[in-house]
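This report concerns only the one structure given below.
Convention: sequence-line order gives letters A, B, ...; per-chain numbering from 1. In what follows, every heavy atom counts, from backbone to side chain, and hydrogens, waters and symmetry copies are set aside.
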Protein chains: 2
Amino acid sequence: MRKSGEERREEIVQAVIDLAAEGGQSQLSTQAIADRVGIAQPTVFRHFRTRDLILQAVIDWISRHLLGLVMAIATGNGSARERLPRLLTRQLEFIARHPGLPRLLFSERVHQDSPVLKQSVGRVMANWTRTVTELIREGQAEGSFRADLDAEETARLILAMIQGLVMRWSISDFQFDLPAQAEAVWRLVAPAMTSPSPGP
Amino acid sequence: MRKSGEERREEIVQAVIDLAAEGGQSQLSTQAIADRVGIAQPTVFRHFRTRDLILQAVIDWISRHLLGLVMAIATGNGSARERLPRLLTRQLEFIARHPGLPRLLFSERVHQDSPVLKQSVGRVMANWTRTVTELIREGQAEGSFRADLDAEETARLILAMIQGLVMRWSISDFQFDLPAQAEAVWRLVAPAMTSPSPGP
DNA sequence: ATTGTAAGCGATTGATTACTTACTTACGAG
DNA sequence: CTCGTAAGTAAGTAATCAATCGCTTACAAT
C-alpha cells in the first residue's frame with residue numbers, strides 16, 4: 001500500500017512514540033519501526049536519511065504539542081495563582097496520555113550520544129522554564145506569590161520535581177495515577193510560594 | 001599481571017563507574033571495560049558470567065555507599081530539622097563526587113531491559129524513601145515539621161526533586177555546582193514543611 | 001497514453017555486540 | 001617440588017544494528 005511521504009513520516013513518528021511506551025529504547029530499531037508501520041526496513045530510510053533524523057522528528061513533535069499546551073495554559077484565563085496548578089495537572093495528564101514521551105526524552109541516545117538531539121531537548125526545557133518563570137513573575141505582580149521568590153529558580157525546581165515524578169512513574173511501568181500527583185506537588189509547593197517565610 | 005578474582009571484580013566495578021561518567025551507557029561495552037581495566041575482553045567473563053551481573057555488582061556498590069551515607073546522617077546527631085537539609089547537601093556532594101552514578105541508575109539497560117536490575121534500583125529508592133520518611137516523622141514528633149504533613153508523600157517528592165535536579169546536571173554534562181543546589185531545594189521545601197498552611 | 005518522480009522491496013554489507021571455546025600459564029597450598 | 005585451580009589469552013560465533021544498492025512499480029501531471 002503506497003502512501004505519500006508526509007503521511008508515512010507521521011506514521012513513523014507515531015510508531016516510535018508507541019514503541020517507546022511499550023518497550024523503551026531497546027525496542028526502537030529501524031526494523032521494529034518498519035514492522036510497526038507495515039513497511040520494509042530499508043523503506044524507512046526513504047523517509048528519514050538517518051535514524052537520528054527520526055528521533056529529531058519525534059522530539060519536534062513532542063516540542064510542538066507539549067509547549068503548545070503549556071503556553072496555552074500559561075497565557076490563558078484566570079489568575080496566575082489559578083493557572084500554575086492547572087498547568088501542572090494538564091501537563092501530567094498530557095504525559096499520561098503519551099507514556100512513550102519520557103522514555104524518549106530521558107533516553108541515552110537522545111542526551112548522551114547525539115549532541116544535536118541533546119540540544120533540541122535542552123531547548124524544550126529552556127522554553128518550559130522561561131514560560132513558567134513568566135507565569136510566576138505574573139503571580140508576583142498580582143500579589144499571589146511571594147515577591148522575594150527567585151522566579152526562575154522556582155520554575156526550575158518545579159520542572160525537576162515533575163521530571164523526577166515522571167521518571168518514577170516510567171520506571172514503575174505507569175503503575176500509579178500520574179495526574180493525581182499534581183495535587184501532591186502543589187500541596188508541597190504552594191505554601192512555599194504563597195506564605196511569608198517564617199522567622200528564625 | 002595476574003590478580004585475585006575479588007581484586008579484579010572491584011576494578012571492573014570501578015571501571016564501569018568511571019566509564020559511565022565519561023561517556024554514558026554507549027561506552028559501556030565489555031570491550032571498553034576490559035580496555036580500561038587492562039585485560040582482554042573474554043577475561044571479563046571469568047569474573048562475571050554475564051554483562052548484567054557486572055551492572056548488578058555496580059548497583060550493589062552504589063546501594064551500599066549511598067544508603068550507608070544517607071542512613072548515617074538520618075540517624076546522626078542534631079535535630080531532625082537540622083539533619084534533613086544536611087542530608088540533601090551530603091547526598092548531592094556524594095553524587096557530585098561520582099558523576100557516573102546517575103547515568104547508570106537512569107540508564108535504559110537498568111530500568112527497562114533487565115527486570116532484575118530494575119528491581120534492585122527500586123529497592124534502593126524504596127529504602128531511601130523509608131529512611132527519609134522516618135526522619136520527617138521524627139521532625140514531626142519534635143515539633144519542627146507540620147503535623148498534618150504526609151511524611152511518605154513528602155519524602156517521595158523530595159526524592160523526585162533530587163532526581164530531576166541530578167538528571168538536569170547529568171544532561172548538562174555536570175556544568176553547574178550540584179551541591180550548591182541543595183540550598184535552593186531547601187529554600188523551596190522548608191517553608192512548606194515548617195510553616196502552618198495559610199487559610200483559604 | 002507517456003513519463004518522471006518517488007515509494008517500495010530483497011539482498012547485502014560492515015560494524016559492533018555479548019558470549020564461547022580451546023588452550024596456556026601463573027601461583028599458592030600440600 | 002608438584003600440581004590443581006583459577007586467571008589469562010587468541011580466535012571465533014551468532015545475532016543485531018543502521019545503512020546501501022539495484023531494481024521495480026504505483027501514480028499524478030502532462
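- In this structure, I39(A) places its CD1 atom 6 Å from P of dG8(C), rounding to the nearest Å.
- We find that CZ of R2(A) is positioned 8 Å from P of dA26(D), with the value rounded to whole Å.
- Residue H47(A) places no side-chain N or O under 4.0 Å from the OP1 or OP2 atom of dA6(C).
- By the rule that hydrophobic residues join a cluster once side-chain heavy atoms approach within less than 4.5 Å of another member, M167(B) and F176(B) end up as members of one cluster.
- Backbone-only contact: R51(B) has heavy atoms under 4.0 Å from sugar-phosphate atoms and none from a base.
- Side-chain N/O atoms of T43(A) include one lying less than 4.0 angstrom from OP1 or OP2 on dC9(C).
- Counting to the nearest Å, the C1' atom of dA18(D) and the CG atom of L53(A) are 13 Å from each other.
- In this structure, the side chains of R81(A) and T194(A) come closer than 4.5 Å at one or more pairs of heavy atoms.
- No hydrogens or angles considered: nothing links the side chains of E152(B) and T133(B) as a donor-acceptor pair under 3.5 Å.
- Residue contacts shown for R46(B) include a base, since a base heavy atom lies under 4.0 Å away.
- Looking at R156(B), its side chain never comes within 3.5 Å of a backbone N or O of T129(B) through a donor-acceptor pair.
- When each of R8(B) and P42(B) is assigned the nucleotide of DNA chain D bearing its nearest heavy atom, the one mapping closer to the 5' terminus is R8(B).
- In terms of position along DNA chain D, the nucleotide closest to V44(B) lies nearer the 5' end than the nucleotide closest to the other residue of the pair V44(B) and Q31(A).
- Per the geometry, CD1 belonging to I12(A) stands 13 Å off P belonging to dA18(D), to the nearest Å.
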